[in-house]
Colleague: 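Here it is: the structure, laid out below.
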Amino acid sequence: LTLHHQEEGKILEVIKDLSVNMLILFFPVLIYHLFEQRTRSRQKHFIAVASGLSIILCMIFPLELIKNNNLFDLRQIPFILSGLYGGLYPLLSSFTVLIGTRFYLGGEGALGAFWVNAILGGIMVAVIIRYRNKYTTSLQRIVGGGIISLLGSAITILIITFRTHTTPVTELLTHSLFQGAGTLSLLYMIEQLQKNHAIRNQFARQEKTEIVSQLAASISHEVRNPLTVIRGFIQLLRQEYIEPDKRKQYIDIALEELDRAESIISGYLQFAKQDSTETQILNLDEELAAILKLMEPYALNEGVTLTGPSSHCNGYILGDSALLRQCILNIIKNGIEATPPNGNVVVATACLMGKIHLEIIDTGIGMSKEQIRKLGEPYYSTKEKGTGLGMMVTYNGIQNMGGTIHVESQVKQGTKFVITFPTASLSMIEAYEKG
Ligand code: ADP
Ligand code: MG
């Protein structure tokens, strides 16, 4: 009976240890994907810090069941993953943390641990250099990570045998099994999360192509007007006898129209080619002016009056210009599409208590509560030729730049989108300029 109880106790112990370690290992991965870091260097810092913490926690909560002179825990998993997904700098930093913590904990095994992880680290460095800038598939990364994890276990077995002249077979095998299973499930989770992320980015690109081609139609129409005017005046200039005053006037008008055509085209091209995302200091009024200029031909085509921004609060925000423009453009475009001819779309800004509010108000068909709730869901569209991606891209984008979206709408009356951004304070701007 007591034996039976002991067995049960052991199993509970194992489950407890494993749960704690799963939490320690999975939590940073979830956090990482929850708060997407936009630059590669911030990603690396995050990976370095997260895996360092994981390593320390793994060592504080080892697998008690298989404890003997050696500490058995899952520290090698974050160590391996930091190198696999972060590269050399996170690998080196987690190596330092691992060895530092191990020597701090003390005991006979510390030197052995140093050798195990130095060898494993060396292998990782070779792997990182070999596959740097090379395309690898998800499956290759999972299999590769699994093999490295097995190698880690094998090196551990060798070093322990070599240094203590004993081989605690049960402990070592249990540990290898846990480590292998742990690495594989984490690798699988990371790959799955990254796949979702990639799909979302693909949506964003798809939506942009859609908008670019739709705008192109109205823009080429709009460029034709000044061209017709210019053609007319050049024809007038062909007359032989023409007063110098008149001649100058004709030329001026033609030049003005040329400039107008040029600015329509350049606004469009600027939007069409922008693709990268990076954080910049943005003057919201300037961004709005550029967006409105770009949207004017489209509004004109639809017979809708587009006005704004009605008040200038000259506020700055941190964000990505291309992303911001696309997000606001999506909302304005929806507003214009929802509004019947002779209606209005008004854009306004207001600075209030450290926040910038941007309002986009249309006098269109409006939405029911149910429709508002569905905004931002992929493929939700009530339009015959709609993609239902615009609002999804917009909601994600605004959220990524630290903003929020609030929608008020009355069916048949119109819709108001309020986007709120934190104002970039002087300290934020300074921090940004320092990099
Ligand atoms: P799409 O414009 O391709 O339909 P969106 O994601 O941009 O896709 O918009 C999703 C849906 O949200 C639209 O089909 C429309 O029903 C609704 N919607 C968005 N903005 C407005 C608005 N200003 N007025 C009325 N309905 C809107
Ligand atoms: Mg749309």
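Computed from a predicted structure; not experimentally measured. Just so you know, ligand 1 is whichever comes first in the structure, and atom 1 is the first atom listed for that ligand. All residue numbers in this chain count up from 1 along the given sequence.
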Colleague: What's the shortest distance from atom 26 (N) of ligand 1 to any protein heavy atom, and which residue and atom give it?
Modeller: Met367 CG, 3.3 Å
Colleague: Measure the distance from atom 16 (O) of ligand 1 to every protein heavy atom, then report the residue, atom name and distance (to 0.1 Å) of the closest one.
Modeller: Thr382 OG1, 2.4 Å
Colleague: Answer yes or no for Asn330: is there a heavy-atom contact with ligand 1 below 4.0 Å?
Modeller: no
Colleague: Can you tell me which residue and heavy atom of the protein come closest to atom 3 (O) of ligand 1, and the distance to 0.1 Å?
Modeller: Thr387 N, 2.7 Å
Colleague: Which atoms of ligand 1 have any heavy atom of Gly366 under 4.0 Å away?
Modeller: 25 (C)
Colleague: Between Ser381 and ligand 1, does any nitrogen or oxygen pair lie at a separation below 3.5 Å?
Modeller: yes
Colleague: Determine whether the side chains of Ser138 and Glu191 contain a donor N or O and an acceptor N or O closer than 3.5 Å.
Modeller: yes
Colleague: Identify the closest protein heavy atom to atom 12 (O) of ligand 1: which residue and atom is it, and at what distance?
Modeller: Leu375 CD2, 3.2 Å
Colleague: Among all the protein's non-hydrogen atoms, which is closest to atom 20 (N) of ligand 1, and how far away is it?
Modeller: Asn334 CB, 3.4 Å
Colleague: Atoms of ligand 1 less than 4.0 Å from Ala338 heavy atoms?
Modeller: 22 (C), 24 (N), 25 (C)
Colleague: When you compare the side chains of Tyr298 and Glu337, does any donor N or O come within less than 3.5 Å of an acceptor on the partner?
Modeller: yes
Colleague: State whether the side chain of Arg325 and the backbone N or O of Glu287 hold a donor-acceptor pair below 3.5 Å, judged by distance alone.
Modeller: no
Colleague: For a quick check under 3.5 Å, do Gln43 and Arg40 share a side-chain donor-acceptor pair by atom type?
Modeller: yes
Colleague: With heavy atoms under 4.0 Å as the rule, classify the contact between Asp362 and ligand 1 as side chain, backbone, both or neither.
Modeller: side chain
Colleague: Answer yes or no: does an N/O atom from Met391 fall short of 3.5 Å to an N/O atom of ligand 1?
Modeller: yes
Colleague: Identify the closest protein heavy atom to atom 2 (O) of ligand 1: which residue and atom is it, and at what distance?
Modeller: Lys383 NZ, 2.8 Å
Colleague: Tell me, do Ile361 and Val345 make a side-chain contact under 4.5 Å, heavy atoms counted?
Modeller: no
Colleague: Testing the 3.5 Å rule here: is there a donor-acceptor pair between the side chains of Glu359 and His357?
Modeller: no
Colleague: Using only heavy-atom distances, determine whether the side chains of Asn344 and Thr363 contain a donor-acceptor pair under 3.5 Å.
Modeller: no
Colleague: Would you check if there is a donor-acceptor pair between the side chains of Lys16 and Asn21 at a distance under 3.5 Å?
Modeller: no
Colleague: Got the closest protein heavy atom to atom 10 (C) of ligand 1, with its distance?
Modeller: Tyr380 O, 3.1 Å
Colleague: Got a sec: is Met391 within less than 2.8 Å of the Mg ion (ligand 2) via an N/O/S atom?
Modeller: no
Colleague: Taking atom types as modelled and ignoring hydrogens, do the side chains of Ser149 and Gln76 form a donor-acceptor contact shorter than 3.5 angstrom?
Modeller: no
